[in-house]
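Step one of this worksheet: look at the structure below.
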Protein chains: 2
Amino acid sequence: MNEEKPGMKTLIAEASLALFEQRGFTETSVQDICNELGVTKGTFYYYFDSKETLLMDIHEQYIVTLLEEQKGILEDDNLTYREKVRAVIYMLIRDIEKRGARGRVFFREMRHLNDGRKAKIVPLRNQFRLNIEQLVRAGVEAGAFRSEINPKLAAFALLGIANWSYQWFHPDGELSDREVADAFATILLEGIEPDPRDR
Amino acid sequence: MNEEKPGMKTLIAEASLALFEQRGFTETSVQDICNELGVTKGTFYYYFDSKETLLMDIHEQYIVTLLEEQKGILEDDNLTYREKVRAVIYMLIRDIEKRGARGRVFFREMRHLNDGRKAKIVPLRNQFRLNIEQLVRAGVEAGAFRSEINPKLAAFALLGIANWSYQWFHPDGELSDREVADAFATILLEGIEPDPRDR
């Protein structure tokens, strides 16, 4: 039993995530989750106090993992500002296949967390954005990015481009995650207009 | 009565929209909508066959209005490609105060439309995106945008930046809609790196 328990908790979380994505959090009951796995409600409640606890677990794991990955990029002294921007975009798009359902459920169902739980998640979500803002600000100060750039809006632009791809990007489509991330990084860094020398 | 009927239909749609945004589509009953307005279910069903019909009405009105506005920009011969890109971004951000709830409900609750209704909405939503893609493609062909830009991804980038602002932009905040739209258009058009001549 000791070896099986961690596996079952993960199985419950994964089955729930799929149901939350397909049907929505409200439309999915604990019984639905149990039916999906062929387990009893007793098993569910052994691992999770409630459906809300499970949602909180899913959200927390999602954002904590993203923050850890982001930290690895931001603290890598071998990367330039430009390379860090590219790496953050790539990390967000790379794992859409694996993390897409998690991301979509995160953005859509967060309102179902109670205030206490939101108070724990929202600062983590904001931290991810503020770290990007700080990266852009440092880049502006170092002269790597243009001085008239508003770091706050540049961070929102980066997140908008990357997070929106959760709505449409299919890793088995015509473009790979690397191609999409590269194209987005180029648009964000260089814009879509020709080199000013050619204007 | 003749004069009141159109008003009541709009009142029902607006009250429902606010409830759908706050509580979610599933969590809002026809009775909740009627309670909010102090009307009977008979009044509701006089105007809408079902809650789903109402959601369809809200979605259709949202996307049809956006398409009409977009058409006005794209067909304006006085605007350059660059100005059209700016104008499309500005039209999406300008009306967030008025249209924000509609946009958030659109993106979050569309899955509650049945297949027949989705088949009517999805092509309209796609058309809005394809029109932007076509604008960028024409701009690339005319030399206004760089030849290596992928018009499809540039359209997704524009929509990502603009649609994501529905999640965070408050028109009464520190930045006006015009400032945000201008900053986003500049990032998209010119990127965040310095002029290549200075590199």
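So you know, we letter chains A, B, ... as the sequences are listed, proteins then strands, and number each from 1.
Contact of Phe156(B) with chain A is made through backbone and side chain together, with heavy-atom distances under 4.5 Å. For Ala144(B), the part lying under 4.5 angstrom from a heavy atom of chain A is the backbone only. For chain B, the nearby parts of Thr186(A) are the backbone and the side chain; heavy atoms of each come within less than 4.5 Å. Proximity to chain B is absent for every atom of Leu158(A), based on heavy atoms less than 4.5 angstrom apart. Proximity to chain B (any heavy atom under 4.5 Å) is restricted, for Phe107(A), to the side chain, taken from C-beta onward. Of the two parts of Arg104(A), neither the backbone nor the side chain holds a non-hydrogen atom closer than 4.5 Å to a non-hydrogen atom of chain B. Heavy-atom distances place both the backbone and the side chain of Phe145(A) under 4.5 Å from chain B. Contacts of Leu153(A) with chain B are made by both backbone and side-chain atoms, with heavy-atom separations under 4.5 Å. Interface remark: Ala154(A) contributes backbone and side-chain atoms alike to the contact with chain B (heavy atom separation under 4.5 Å).
Side-chain N or O atoms of Lys120(A) include none that pairs as donor or acceptor with a backbone N or O of Asp115(A) at under 3.5 Å.
In terms of heavy-atom pairs under 4.5 angstrom with chain B, the leader among Gln22(A), Glu148(A), Arg108(A) is Arg108(A).
What you find for Gln61(B) and Arg102(B) is that their closest heavy atoms are OE1-NH1, 3.8 Å.
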